[in-house]
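Residue indices begin at 1 and follow the sequence shown. Because the structure is a prediction, the values reported are computed rather than measured. All values below were derived from every heavy atom in this structure, side-chain atoms included, with hydrogens, water molecules and symmetry-related copies excluded.
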Amino acid sequence: MREQNLVEILRSYDIQTRVVECFLAIEFTELTQYPFKRESLDSSLESRKLTKQEHDKELAFLQEYEMLGESANDVVSQALYAHSRERDTNNALVLELLIQMYKKITKIEQFLLKDSRILLPLQQQGGIVALGHGVICCGEEYFVSDRIYYARFCLPNVSWRTISVFARAITNTILRITHIHSHDNSALDSYIVSKEMEQLRQKRIGND
């Protein structure tokens with residue numbers, strides 16, 4: 001689906017954002033309700049809105065979401081945030097070198113430790129074909145409109161960490177992100193901006 005078509009679809013849902021084409025893997029599973037508070041899950045269990053199995057499953061996704069958020073909330077995440085706003089060329093270069101060193105060390109560490117972190121199995125796998133600020137667009141009809149999903153994916157600009165989100169399907173191919181950690185949201189925004197700049201460079205080259 002072309003970017004312009006996606007923008008028009010999103011505008012029909014009152015979502016104002018640009019979108020960029022990409023090809024990324026995504027894993028996801030459908031949930032019964034948003035498990036953002038342990039208290040609300042426990043209350044739903046007591047009132048029998050959730051079964052014990054549903055309660056335990058959705059609590060596990062909430063715990064994983066929080067775990068992944070904590071693991072990404074580190075010094076390098078702060079460095080990435082600072083790097084995107086650094087005006088001094090020398091400081092920006094030092095930050096860039098430190099970030100690249102951290103990425104390499106992390107890859108070596110994960111290889112040596114075989115990445116002991118075990119993530120929860122999700123129901124389905126698919127492909128992201130476009131991203132916007134707060135939206136994930138997939139290439140096939142994976143979703144049921146208005147249903148809630150927990151999803152995981154990685155971005156090329158922060159490939160060493162897994163981004164997890166809660167989202168609601170607005171169509172059978174588009175998720176609207178409702179909950180994402182702030183540092184992951186910054187990484188998503190940075191990726192979209194970098195893709196836009198890449199597209200602009202390609203257009204300039206094509207016009208030369």
Does Glu140 form a side-chain hydrogen bond (donor to acceptor under 3.5 Å, both in side chains) with Thr173? I'd like the steps, not just the answer. CA-CA 6 Å; Glu140 296 185 34; Thr173 61; over 6 Å; no
For this session: For the pair Phe143 and Ile170, evaluate side-chain contact (heavy atoms from CB on, under 4.5 Å) and give the outcome as yes or no after the intermediate values.
Result: CA-CA 9 Å; Phe143 314 117; Ile170 60 172; over 6 Å; no
Practice item. Test side-chain contact (heavy atoms from CB on, under 4.5 Å) on Ile192 and Met197 and set out the steps. Key: CA-CA 9 Å; Ile192 291 170; Met197 293 176 66; over 6 Å; no
### Message
Go through it in stages, so that I can follow the logic: the residues are Tyr191 and Cys22, the test is side-chain contact (heavy atoms from CB on, under 4.5 Å), and I'd like the CA-CA distance, side-chain angles, deciding distance and then a yes or no.
### Response
CA-CA 10 Å; Tyr191 176 70; Cys22 59; 3.4 Å; yes
* To do: Start with the C-alpha gap between Thr178 and Ile148, add the side-chain angles, then the distance that decides, and say whether side-chain contact (heavy atoms from CB on, under 4.5 Å) holds.
  => CA-CA 10 Å; Thr178 56; Ile148 304 157; over 6 Å; no
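A distance of 6.5 Å separates CG of Leu122 from CD of Glu64, quoted to the nearest 0.5 Å. Within the model, atoms CG of Leu62 and OG of Ser164 stand 10.0 Å from one another, a figure rounded to the nearest 0.5 Å. Here the straight-line distance linking atom CG of Leu31 with atom CD of Gln123 works out to 8.5 Å at 0.5 Å rounding. Atoms CD1 and SG, from Ile128 and Cys138 in turn, are 5.5 Å apart once rounded to the nearest 0.5 Å. The CG atom of Leu10 sits 5.0 Å away from the CD1 atom of Ile174 when rounded to the nearest 0.5 Å. Atom OG of Ser186 sits about 12.5 Å away from atom NE2 of His181, to the nearest 0.5 Å.
In this pair, Phe28 and Tyr149 present their aromatic rings perpendicular. The plane angle is above 60°, beyond the 30 to 60° band. Using cut-offs of 30° and 60° for the angle between ring planes, the Phe166 and Tyr150 rings count as tilted.
Pro156 and Leu24 make their closest contact through CD-CD2, 3.9 Å (heavy atoms, listed as atom of the first residue, atom of the second, distance). Heavy-atom minimum distance, Leu155 versus Leu131: CD2-CD1, 3.9 Å.
In Gln53, the CD atom is not crowded: 12 or fewer heavy atoms of neighbouring residues, nucleotides or ligands sit closer than 6.0 Å.
Side chains of Ile26 and Ile136 form a contact here, defined as non-hydrogen atoms less than 4.5 Å apart. Here the side chains of Tyr142 and Leu175 are not in contact, with every heavy-atom distance at 4.5 Å or above. The shortest side-chain heavy-atom distance between Leu6 and Val135 does not fall under the 4.5 Å cut-off. Within the 4.5 Å cutoff, the side chain of Glu198 has heavy atoms near those of the Gln202 side chain. Counting heavy atoms from C-beta on, the side chains of Asp189 and Val193 never come closer than 4.5 Å. Inter-residue side-chain proximity for Ile163 and Arg152 is flagged as unmet; no heavy-atom pair is nearer than 4.5 Å. Residues Leu120 and Gln63 have side chains not in contact (no heavy-atom distance under 4.5 Å, counting atoms from C-beta outward). No side-chain heavy atom of Thr32 sits less than 4.5 Å from a side-chain heavy atom of Thr51.
For an aromatic pair to be called close, the ring centres must be under 6.0 Å apart, and His179 with Tyr65 fails this.
Look at Lys195 and Glu21 and you find no salt bridge, because none of the NZ, NE, NH1 or NH2 atoms lies under 4.0 Å from a carboxylate O.
Residues Phe153 and Val20 are members of one and the same hydrophobic cluster, defined by side-chain heavy-atom contacts under 4.5 angstrom among Ile, Leu, Val, Met, Phe, Trp and Tyr.
One N or O on the side chain of Arg168 and one on the backbone of Asp146 form a donor-acceptor pair closer than 3.5 Å. Judged by distance alone, the side chain of Glu27 and the main-chain N or O of Ala151 form no donor-acceptor pair under 3.5 Å.
For Arg18, the side-chain hydrogen bond (donor to acceptor under 3.5 Å, both in side chains) test picks out Glu196, with sequence neighbours left out.
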